[in-house]
Amino acid sequence: VQLQASGGGSVQAGGSLRLSCAASGRTFSSYGMGWFRQAPGKEREFVVGISRSGTTYYADSVKGRFTISRDNAKNTVYLQMNSLKPEDTALYYCAAHGGGGIRSSDDYDYWGQGTLVTVSS
């Protein structure tokens, strides 16, 4: 599976962005998908995930502000980010896994390149 993330950019605090992650291959629906982020000088952290069945999982820091969704017909997962804060600034990565885990980066088998989100105050 190859993943291509897009949609990053610069926005002011309180603004919104939507990230997309397009996957190659015909087995997209068999993968759980997740978004991670890595801010400068910090470790990569889990942001949101969506299972094969559509169950969603969120980090506490983004609950109520971010929404993950998937369109299996388009082999794409989306991350809608609202009410953005400066602390959301990071390189955002999408990832795919075929197993049962969702929150650990070790659970994921495939990674896309990052897309940069910058939120100014």
Side-chain angles (χ1 to χ4, degrees):
V1 175
Q2 292 185 321
L3 304 173
Q4 180 71 40
S6 62
S10 297
V11 65
Q12 289 191 326
S16 298
L17 283 173
R18 188 175 83 154
L19 306 184
S20 299
C21 177
S24 65
R26 294 177 289 179
T27 59
F28 175 75
S29 61
S30 66
Y31 289 93
M33 301 296 296
W35 288 93
F36 288 74
R37 66 187 181 187
Q38 188 166 18
K42 294 188 177 181
E43 294 186 354
R44 187 176 299 187
E45 65 175 358
F46 171 78
V47 180
V48 298
I50 186 167
S51 71
R52 288 167 285 189
S53 63
T55 303
T56 56
Y57 304 83
Y58 294 89
D60 289 342
S61 58
V62 306
K63 277 182 182 176
R65 300 188 299 121
F66 290 12
T67 303
I68 188 172
S69 61
R70 65 188 300 161
D71 185 337
N72 289 338
K74 295 183 178 180
N75 283 10
T76 301
V77 63
Y78 302 99
L79 178 59
Q80 178 66 44
M81 304 186 296
N82 299 328
S83 302
L84 282 161
K85 303 175 180 180
E87 51 263 43
D88 295 318
T89 295
L91 201 56
Y92 283 72
Y93 298 88
C94 64
H97 71 88
I102 199 82
R103 293 182 181 271
S104 171
S105 60
D106 292 339
D107 295 326
Y108 291 79
D109 305 302
Y110 305 98
W111 292 83
Q113 91 295 354
T115 185
L116 182 62
V117 172
T118 303
V119 184
S120 58
S121 58

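The analysis underlying the following values was restricted to heavy atoms, covering all of them including side chains, and did not include hydrogens, waters or symmetry mates. Keep in mind it's a predicted model, so treat the numbers as computed, not measured.
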Value rounded to 0.5 Å, distance of OG in Ser16 from CG in Leu84: 6.0 Å
Chi angles and distances behind the side-chain contact (heavy atoms from CB on, under 4.5 Å) call for Ser61, Arg37: CA-CA 12 Å; Ser61 58; Arg37 66 187 181 187; 3.6 Å; yes
Six-ring centre of Tyr31, Arg70 cation under 6.0 angstrom, axis tolerance 45°: no
Any donor-acceptor N/O pair, Tyr58 side chain to Ile68 backbone, under 3.5 Å: yes
Same apolar cluster (I L V M F W Y, side chains within < 4.5 Å links), Leu91/Val77: no
Expected output: side-chain Gln113 to main-chain Ala5 donor-acceptor under 3.5 Å: yes
For Thr115 against Gly7, the heavy-atom pair lying closest together: OG1-N, 4.0 Å
Minimum side-chain heavy-atom gap Lys74-Ser20 below 4.5 Å: no
Heavy-atom pair of closest approach, residues Ala59 and Phe46: CB-O, 3.5 Å
Ile102/Tyr108 under side-chain contact (heavy atoms from CB on, under 4.5 Å): CA gap, chis, key distance, verdict: CA-CA 8 Å; Ile102 199 82; Tyr108 291 79; 3.7 Å; yes
Glu87 atom CD: more than 12 heavy-atom contacts under 6.0 Å: yes
Atom pair CD/OG of Gln12 and Ser121 - distance to nearest 0.5 Å: 9.0 Å
Distance-minimising heavy-atom pair for Asp109 and Gly98: OD2-N, 3.1 Å
Linked, directly or transitively: Met81 and Leu116 (ILVMFWY side chains, under 4.5 Å): no
Reported OH-to-OG distance for the pair Tyr57 and Ser51, which is rounded to 0.5 angstrom: 5.0 Å
In one Ile/Leu/Val/Met/Phe/Trp/Tyr side-chain cluster, 4.5 Å: Val119, Phe66: yes
Salt-bridge criterion met for Asp88 and Lys85 (N-O under 4.0 Å): no
Atom pair CH2 (Trp111) and OG (Ser105), whose distance is rounded to the nearest 0.5 Å: 5.0 Å
ILVMFWY cluster, Val62 and Ile50 together (side-chain gap under 4.5 Å): yes
Shared hydrophobic cluster for Val47 and Tyr110 (ILVMFWY, side-chain gaps under 4.5 Å): yes
Thr56 side, atom OG1; Met33 side, atom CE - distance, nearest 0.5 Å: 14.5 Å
Check: His97 main-chain N/O paired with Asp107 side-chain donor or acceptor under 3.5 Å: no
Interatomic distance, Asp71 atom CG to Ser29 atom OG [nearest 0.5 angstrom]: 11.5 Å
Side-chain touch Leu19/Val117, heavy atoms, less than 4.5 angstrom: yes
Whether over 12 other heavy atoms sit under 6.0 Å from Glu45 CD: yes
